[in-house]
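No experiment lies behind these values; they were computed from the predicted model shown. Lettering of chains follows the sequences in order, A, B, ..., and the numbering in each one begins at 1.
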There are 2 protein chains.
Amino acid sequence: MLTKDFLRDRHRSELTKDDIAALESSISEVKDYGARETLIRAGERVRQSTLLLEGLMCRYMDDRQGERQLVAVHVAGDFVDLHGFPLRRLDHDVATLTEVRLAFVPHGKLLEIVAERPNLTRILWFSTLIDAAMHREWIFRLGRLNAYGRIAHFFCEIDAKLQAVNRSDGHHFPLPINQNDLGEACGMTGVHVNRILRQLREEGVMTFRGGEVAILDRKRLERIAEFDPHYLYLDENDPDRN
Amino acid sequence: MLTKDFLRDRHRSELTKDDIAALESSISEVKDYGARETLIRAGERVRQSTLLLEGLMCRYMDDRQGERQLVAVHVAGDFVDLHGFPLRRLDHDVATLTEVRLAFVPHGKLLEIVAERPNLTRILWFSTLIDAAMHREWIFRLGRLNAYGRIAHFFCEIDAKLQAVNRSDGHHFPLPINQNDLGEACGMTGVHVNRILRQLREEGVMTFRGGEVAILDRKRLERIAEFDPHYLYLDENDPDRN
DNA sequence: CGCAGCCTTGAAGTAAATCAAGGATTGTGG
DNA sequence: CCACAATCCTTGATTTACTTCAAGGCTGCG
């Protein structure tokens, strides 16, 4: 079941068995890629969309000096560029962060789904709007939080997303990216990321070393981040989950 | 024709007459509101969506100290909270900036459209994704531009959007908001906005006084902003338009 | 072994926030 | 018609957060 992580913990129950079968059968190909490959360039005409099965991807834009700003980080189960179907061309680049396994869905199949499956269509639409909600939270993070809060927020978000697809236990998880990537996501220099990580470590809130995250004091981390996971539209879940 | 500005200059031609008629007839009510009223609160269940016919609106989130971060500014023709249809509840507040005229579309009607009109559905979906593209550009603006660039970018964007619905001639247009609003959109204090506006004025780039914008040197403004309107997904337009 | 990539830390410089005080403009009630 | 309040704009002085520049250390790998 290639689509098993798609919308997992997010209203997946509203998909009928037929819907899931239709989605599953719309996949044309599964392929592996290496870390740090750019798969789609801004402005290109896109004719298929990409479901991320395993690994980490990102979307980003460059400024005039070529400095990157990440606009999204994706985990297993994310339909990375489903928005490319209605948009036809993207306004940003799409790249892998780690080694990944991808499934591709041709836009012709999506056209059929829109014509024949209103329920699945509404839920695919929903899934692209979760990305928009995360964009809004990133705007908030960049506009209103200081470096300390921005870094904390990043880790809260990625942990929540990984937990939803069972890739984090809420205390410890692998995140094979470097401090510079973190800076590109949070709008600051790699040097400053380093200092903030030291502060978080020294205060016993969390650690990030060698691509491994350990959350030591979740409450504190979430307070620093002003984190409230509502914007992720996860199913109401067991409050004692962790 | 209440929907005449919806997707104006943005693939509106892909809508058939029937699609437009269906959309038009899905409007249940038209109503006026005053400036600075909050219409929807984050977390509320929403059962209709709002088409902005005239005036300015915004969407925003508050931080713990109650400071606002705007996440979007809307102009005539924008379907402000169409994303509330698939999402059911919003992760942010929706408010008016100026006096506005609004048209409401019940979600029941949208369900019918999704069931019966795949073409219109795809284009409604498209319209919500333009908002996501603008969110991404805001992330870029906040993460990579300094105050000078951020303010310049804000004015480039709002001008482009207003031009698309014929509310700006590209040189001069009304924008009845204050310097503090600008700060809330661009992630900086009102005081600093004031200093940046002075700089833009003294350098002959643009002026913003008494709710009126005058663009004096568009090329320079766009260079300061690193502005490229691709992300607005406007129809390819007459390059000599201005 | 030696290089490359990444992390770490210090020192100095800069952009923006904060604090504070007036000034202009608009609206309002006496 | 004028006093006065409210709101918004403007500017200066100081502080703070973050960047930039620079150097060196660690780790894994060919």
Look at B:T189 and C:dA16 and indicate whether a side-chain polar atom (N or O) is within less than 4.0 Å of OP1 or OP2.
no
Would you say A:R198 reaches C:dT9's phosphate, i.e. side-chain N/O to OP1/OP2 under 4.0 Å?
yes
I'd like the 5' and 3' limits of the part of DNA chain D contacted by chain B, with heavy-atom contacts below 4.0 Å.
D:dC8 to D:dA13
Is it true that A:R218 and A:H171 share a donor-acceptor pair across their side chains at a distance under 3.5 Å?
no
Using a strict heavy-atom distance below 4.0 Å, which residues from [range] are in contact with DNA chain C?
| range | answer |
| --- | --- |
| residues 174-184 of chain A | A:N178, A:Q179 |
| residues 145-155 of chain A | none |
| residues 200-212 of chain B | none |

What's the CD1-C1' distance between A:I196 and C:dT9, to the nearest Å?
14 Å
For B:M188 and C:dT18, what is the distance between atoms CE and P respectively, to the nearest whole Å?
13 Å
Step-by-step side chain to side chain contact (heavy atoms under 4.5 Å, CB included) determination, A:F227 to A:L221:
CA-CA 8 Å; A:F227 185 73; A:L221 185 67; over 6 Å; no
Quick check: are there more than 12 heavy atoms from other residues, nucleotides or ligands sitting under 6.0 Å from NE2 of A:H230?
no
For B:E99, I'd like to know if atom CD has over 12 heavy atoms of other residues, nucleotides or ligands within 6.0 Å.
no
Students should find that the end-to-end axis angle of the helix from C:dC1-D:dG30 to C:dG30-D:dC1, with five pairs defining each axis and rounding to 10 degrees, is 30°
5' precedence on DNA chain D between B:R195 and B:R36 (nearest-nucleotide basis)
B:R36
Please find the pair of heavy atoms, one from [X] and one from [Y], that lie closest to each other, and give the distance.
| X | Y | answer |
| --- | --- | --- |
| A:G204 | A:L216 | O-CB, 3.3 Å |
| A:L70 | A:W138 | O-CZ3, 3.3 Å |
| B:E184 | A:R144 | CA-NH2, 3.5 Å |

Of B:D78, B:V100, B:L175, B:T96, the one forming a side-chain contact (heavy atoms from CB on, under 4.5 Å) with B:L56 is B:L175
B:R41: side chain to side chain contact (heavy atoms under 4.5 Å, CB included) partners, not counting sequence neighbours
B:T38, B:E44, B:Y60, B:D93
Any Lys/Arg nitrogen of A:R220 or A:E203 sitting under 4.0 Å from an Asp/Glu carboxylate oxygen of the other?
yes
So does B:R36 pair up with B:D181, basic N to acidic O under 4.0 Å?
yes
Sub-3.5 Å donor-acceptor pair from the side chain of B:T189 to the main-chain atoms of B:H192, do we have one?
yes
Looking at B:R10, B:R101, B:R167, B:K161, which one forms a salt bridge (charged side-chain N to carboxylate O under 4.0 Å, His left out) with B:D5?
B:R167
Could you check whether the rings of B:Y231 and B:H153 sit parallel, tilted or perpendicular, using 30° and 60° as the cut-offs?
parallel
Check the angle between the aromatic planes of B:H92 and B:H83 and answer parallel, tilted or perpendicular using the 30° and 60° thresholds.
parallel
